[in-house]
Structure formats: C-alpha cells, structure tokens
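First up is the structure itself, then whatever we jot down about it.
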Amino acid sequence: MPELPEVETTVRGLTPVLDGQRLSSVVTRRGDLRRPFPAELAQRMTGATVTGLRRRAKYGLIDTDRGDTMIFHLGMSGRWRVDPDELLTHDHLVIETDAGRRLALNDARRFGSVDLVPTVEVADWPAFRALGPEPLGPDFTAKHLEQALAGRIASIKQMLLDQRIVAGLGNIYVCEALYEARIRPSKPAGQVARVKLARLVECVHLVLNAAIEAGGSTLRDYARPDGELGYFSKQFKVYGREGLPCECGGVVARYVEGGRSTFWCPKCQK
DNA sequence: ATGCCAACCTGACTGC
DNA sequence: TGCAGTCAGGTTGGCA
C-alpha cells in the first residue's frame, strides 16, 4: 500500500540487496504495467552496477554506473519480493545480482510503472518537475501551504492529495494527518487558518515518521522487501474505522469524494 | 486555471 | 460452493 512511508521502507529494504552490486540479469515478464516498460530497460540494466538508491515522493530510484536511473512507482498494489522461492503470476520484473540475490516486482493491479532516465536528467523528468516539496523536507512549511492554498475552495483533503502541493501523501496519511491536526477534511483549503496550517505541517511529520518507524503500514498484502509486515495500520486513528469510537468520545465517520473514502471525526475535527 | 470524475486492473471480501 | 456486487494504497486525461 504504497504511500511515502511504504516507498521509503521499500527503498531502505532494497538498499542492502542492491547497493554496490552488479546486476547479472534484469528481465521483464510482460510488456507493460501502467505504461510499457522502456524498450531498453533489460539491456541497459543487465550488467550495470548499482551506485545508490533514493526516494522522491512515492517513487523509488535506482542509480547505476552507466548513468541511468531506474525509477519505479508501486501504484496501488506494487511491492518488491526479496529472494522469492518461486515466481508468482504478477511478478512482472525480475532482477538478479552477482551475489545471488533475486528481486521480483509484483503488482497485481499494474497501476505501477518503471522508467529509465539519464541520472543527470532526473530532476527535469516531467513527472518530477511538477512535484511539490517533500513533506519531510525543509520546503514543506506553513508558509508554503499558505501560499499554495490561498484562494483555493477545494477541500484541504483534496489539496493534500495533489502531488503538486506536497509530494508523497496519499489517502491514508492525509486522513490521519488531518485528524491529528483536528482539521475537518472538507474544509475549503483557502480557509484553513495559518496556525492550523503550522499544526498540520507538524502532524504530517508526526504521522509519516511514525509510519516509517513502524516499517510502513499494511492493509491487505503489503510486505516489506525483506518479508516482514509493517504494523502501523494498527495505529490508525480514523482510517478504516468508520463507526468506531474516536478517542474524543465521538464516532468516526466516512464520506466519499472523488471516488475515495475520507475518514474523520465530526466531533473533534472542525 | 480550477474542480470533478471516470478509467486503468485484479483480488479480497460480503451477502445472498 | 458459487456468483454478483463492492471496495481498495495512485495517477491521469478529459470535460465543464
């Protein structure tokens, strides 16, 4: 269930397997995910040595000594399986290293993507150029939000899901952060007071850091690359808790907007 | 420009 | 046991 904490956890899990390693084999097992795999992907990656792994928003980046960066997005259902005993139906990309390790990119719904970009052009890659600041970076501030949200009548929930405003939040952590900040998700973004925005920034940090620390959360089948499950889902205060009690004594409610569920407490989120 | 929504695809779960 | 209906972490393109 890849939002930022899950991608961060994934990159951290892949690093000891890939960093500094030569890739003996990179094979695609079908032609596409959301988009076609780059035609030259297997050829460019096979034989290359990984020089580093990074994360930007919900994307994972694998740099190689050939000047390429492989950029993956896990979509809704993507995950990397580490040293699988056998390949499964939805293992669409398989990487093997000289050290004998094997990774399989598994993505049943195929909303994910894999791209190959010259490392020096990564910052200018179209999908990255449009992204807002990292929510855990120095540019995600109350001032930034105030400027970005000024005059906007769309809900604060919708705006936080917009990767151009802030890059890496998804449905779960937006719900949780708005809860922690005690902000009503449907509130028009431009009408959220500055002090509330400052609190929101702190709550985004709080929620993301807790999730990363817990190793990423899990809904159905998310697994860390090393196979351990994340446990942050047990700490959700509102997400997936419709009808259950809020800590304030209220009852968690749900509404659907843009086809997506929002969970919140009408009693304590104003 | 902004806001809204359907579409992409499969699997898991619920209720009959 | 089976089948139909509903829902799911994200992104994008099209329409008003």
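By convention in this document, chain letters (A, B, ...) are assigned in the order of the sequence lines, proteins followed by strands, and residues within each chain are numbered from 1.
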* Could you tell me the separation between the CG atom of A:Leu169 and the SG atom of A:Cys175, rounded to the nearest 0.5 Å? => 11.0 Å
* To do: Assert yes or no for the condition that the ring centre distance of A:Phe128 to A:Tyr59 is strictly below 6.0 Å.
  => yes
* Asked: What is the distance from CG of A:Leu33 to P of B:dA7, rounded to the nearest Å?
  -> 22 Å
* Structure fact -> When rounded to whole Å, the CG to C1' distance for the pair A:Asp32 and B:dT10 reads 14 Å
* Atom-to-atom span, CG of A:Leu88 to C1' of B:dG11 - whole angstrom -> 14 Å
* Asked: Can you check the A:Trp125 CH2 to C:dT11 P distance for me, whole Å?
  -> 11 Å
* **Test item: side-chain donor near acceptor, A:Thr49 and A:Arg22, under 3.5 Å** => no
* **Short side-chain to backbone donor-acceptor contact, A:His144 and A:Ile165, under 3.5 Å** => yes
* Asked: Think A:His90 has a side-chain N or O under 4.0 angstrom from the OP1 or OP2 of B:dT10?
  -> no
* Counting just side-chain N and O atoms, does A:Ser261 come under 4.0 Å of either OP1 or OP2 of C:dA8? -> yes
* Asked: Using the P atom in both, what is the distance from C:dG14 to B:dC9, to the nearest Å?
  -> 16 Å
* Roughly how many Å is it from CG in A:Leu105 to P in B:dT10, rounded to a whole number? -> 16 Å
* So what does A:Gln163 hit on the nucleic acid, given a heavy-atom distance under 4.0 Å: a base, only sugar-phosphate, or nothing? -> sugar-phosphate
* For A:Arg35, answer base if it contacts any base atom (sugar-phosphate contacts may also be present), sugar-phosphate if it contacts only those atoms, and nothing otherwise; contact means non-hydrogen atoms under 4.0 Å. => nothing
* Counting side-chain heavy atoms from C-beta on, which of C:dT11, B:dG3, B:dG11 comes nearest to A:Ile153? -> B:dG3
* **Closest listed nucleotide, where the reference is the side chain of A:Arg110 and the choices are B:dC9, B:dT2, C:dA8** => B:dC9
* Length of the CG-P vector between A:Asp162 and C:dT12, whole Å -> 11 Å
* To the nearest angstrom, how far is A:Glu242 atom CD from B:dC13 atom P? -> 19 Å
* To do: Return the minimal non-hydrogen interatomic distance between A:Leu14 and A:Leu103, and the atom names on each side.
  => CD2-CD2, 3.8 Å
* Of A:Glu257, A:Arg184, A:Lys187, the residue whose pairing with A:Ser155 passes side chain to side chain contact (heavy atoms under 4.5 Å, CB included) -> A:Glu257
* Could you verify whether a donor N or O on one side chain and an acceptor N or O on the other, from A:Tyr255 and A:Glu242, lie under 3.5 Å apart? => no
* CZ of A:Phe111 versus C1' of C:dG13: gap in Å, rounded? -> 14 Å
* Nearest-neighbour nucleotide for the A:His73 side chain, C:dA8, B:dG3, C:dT11 considered -> C:dT11
* Asked: Taking atom CZ of A:Arg129 as the centre, does the number of heavy atoms from other residues, nucleotides or ligands within less than 6.0 Å exceed 12?
  -> yes
* Structure fact -> Regarding the side chain of A:Met159, the nearest nucleotide among B:dG3, B:dC9, C:dT11 is B:dG3
* Taking only side-chain nitrogens and oxygens of A:Arg260, does any of them come within less than 4.0 Å of OP1 or OP2 of B:dC4? -> no
* Asked: Which part of the nucleic acid, if any, lies within reach of A:Leu161 when heavy atoms closer than 4.0 Å are counted: base, sugar-phosphate only, or nothing?
  -> nothing
* Structure fact -> Under the rule of Watson-Crick or G-U wobble with both distances under 3.5 Å, where | means paired to another strand and [ ] a crossing pair, DNA chain C maps to .|||||||.|||||||
